[in-house]
Novice: 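Below you'll find the structure I mean.
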Amino acid sequence: MKILFVRLSAIGDVIQAAAALQLYRNAHPEVKIYWAVDRAVATLVSAFGVVDHVIAVDADGLFKGSLVSRLSSLWKSMRQIAAYGAFDEVYTAHPDWRFGLLARLVKSNKRVSPKSLPRSRGYILDRNRTFEYYRLLTGQDSGRLAIDAALAALGANALSSQSKADLQRFGLPGGYIALVPGGARNMLRDNPQRRWPIENYIGLAERLSQKYPVVLLGGPDDRWVSKHFSSLQVVDLIGLTSLLDMVSLLDQAQCVVAHDSGPIHLASITSAPLVGIFGPTPANAVLSSSRAKTVVFQPENRVACSPCYDGRGYAACDANICMQATLVEFAVAAVTSLVDS
């Protein structure tokens, strides 16, 4: 059997989808899997080794620019996918109907999308998305998936593609703590509600740098963060690493501190101790509850409006009090306990 899986972005969803595909492949090794994914993460997906063919499309072009350029990009992407011929089954993992257009030229006997799922007619929002992608692929609602093992397999494959020489060019000190102050945006929207306040990250860096080297990580879109740390003794690698570099750098950290963002998912496939800070997103939807060496902060019933994620976006909130509920001293204590344990 030959299937097409369409999940273009974002990093977190791509990783959780890859974990679901890993579990699916374990149960169905005979199936040929093709994955249509944004070219920005195609190298990472290839490194995971869970599919037979990665189809790298220009996801950015589908949603940016003039109507003519977007239609042109859509047509090119559809033709890219159609070039691989007919598929027995096509799975469009995006809830947004626009992504389903990509598979319209593909000949297939079966088409599945989140709207095809029973009960909620979509993903269950407060459950780890790996369960939901597996449910999409199999039609089975299993609560006993080996998510940690699947994520570990992804991490092992990604790390095996990196050599020590790849990381030596960064000249990092040993025993560092990695902070990820940016993120929380994708090609469709920016979600500042998900970010722990930058002032808190500054305070955390000040406290931690008295005892540990501190390294800042993030993508090119996070460069706005750097100016806030210019007076501190930190190593700023924001926008200077590839996704595979970041996986390796996170893996080598004594501890990682991040909020709901792509890098927290990258950290989840490593064995690094992790402090995750959540508010508008249910932590359970992002991190496996059984992940080792993990401390999760979320306001729970201390903030009545949290979580507020509805499957597409967040409440129009200008003062994310749910994220402010996690104080700097909480994070310091968590990092110290994980490093010293």
Novice: Take a 6.0 Å sphere around CD of E329 and say whether it holds more than 12 heavy atoms from other residues, nucleotides or ligands.
Specialist: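 More than 12 heavy atoms, drawn from other residues, nucleotides or ligands, come within 6.0 Å of this atom.
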
Novice: So T43 and L243, do their side chains get closer than 4.5 Å, heavy atoms only?
Specialist: no

Novice: Answer yes or no: is there a side-chain heavy-atom contact under 4.5 Å between P263 and M246?
Specialist: yes

Novice: Quick one, F229 and D236 - any side-chain contact, counting heavy atoms below 4.5 Å?
Specialist: no

Novice: Is the closest side-chain donor-acceptor distance between S9 and D38 under 3.5 Å?
Specialist: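 Their side chains do not contain a donor-acceptor pair, so the 3.5 Å distance test is not met.
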
Novice: Using 30° and 60° as the class limits, which term best fits the ring planes of Y133 and Y123: parallel, tilted or perpendicular?
Specialist: perpendicular

Novice: Check this for me: does any side-chain nitrogen of one of D52 and R25 sit under 4.0 Å from a carboxylate oxygen of the other?
Specialist: yes

Novice: Looking at side-chain heavy atoms only, is the closest gap between L102 and L8 below 4.5 Å?
Specialist: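 They are in side-chain contact.
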
Novice: Given I15, which of L151, V41, V45 fulfils the side-chain contact (heavy atoms from CB on, under 4.5 Å) condition?
Specialist: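 Option passing the side-chain contact (heavy atoms from CB on, under 4.5 Å) with I15: L151.
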
Novice: Could you tell me how the ring of H228 sits relative to the ring of W224: parallel (under 30°), tilted (30 to 60°) or perpendicular (over 60°)?
Specialist: perpendicular

Novice: Kindly assign one of parallel, tilted or perpendicular to the pair Y34 and Y84, based on the angle between their ring planes and the thresholds 30° and 60°.
Specialist: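 If you compare the ring of Y34 with that of Y84, the planes turn out perpendicular.
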
Novice: Measure centre to centre between the rings of F5 and F87, then say whether the value is under 6.0 Å.
Specialist: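 Aromatic pair excluded; centres sit 6.0 Å or further apart.
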
Novice: Between R129 and E132, is there a side-chain N and carboxylate O pair less than 4.0 Å apart?
Specialist: no

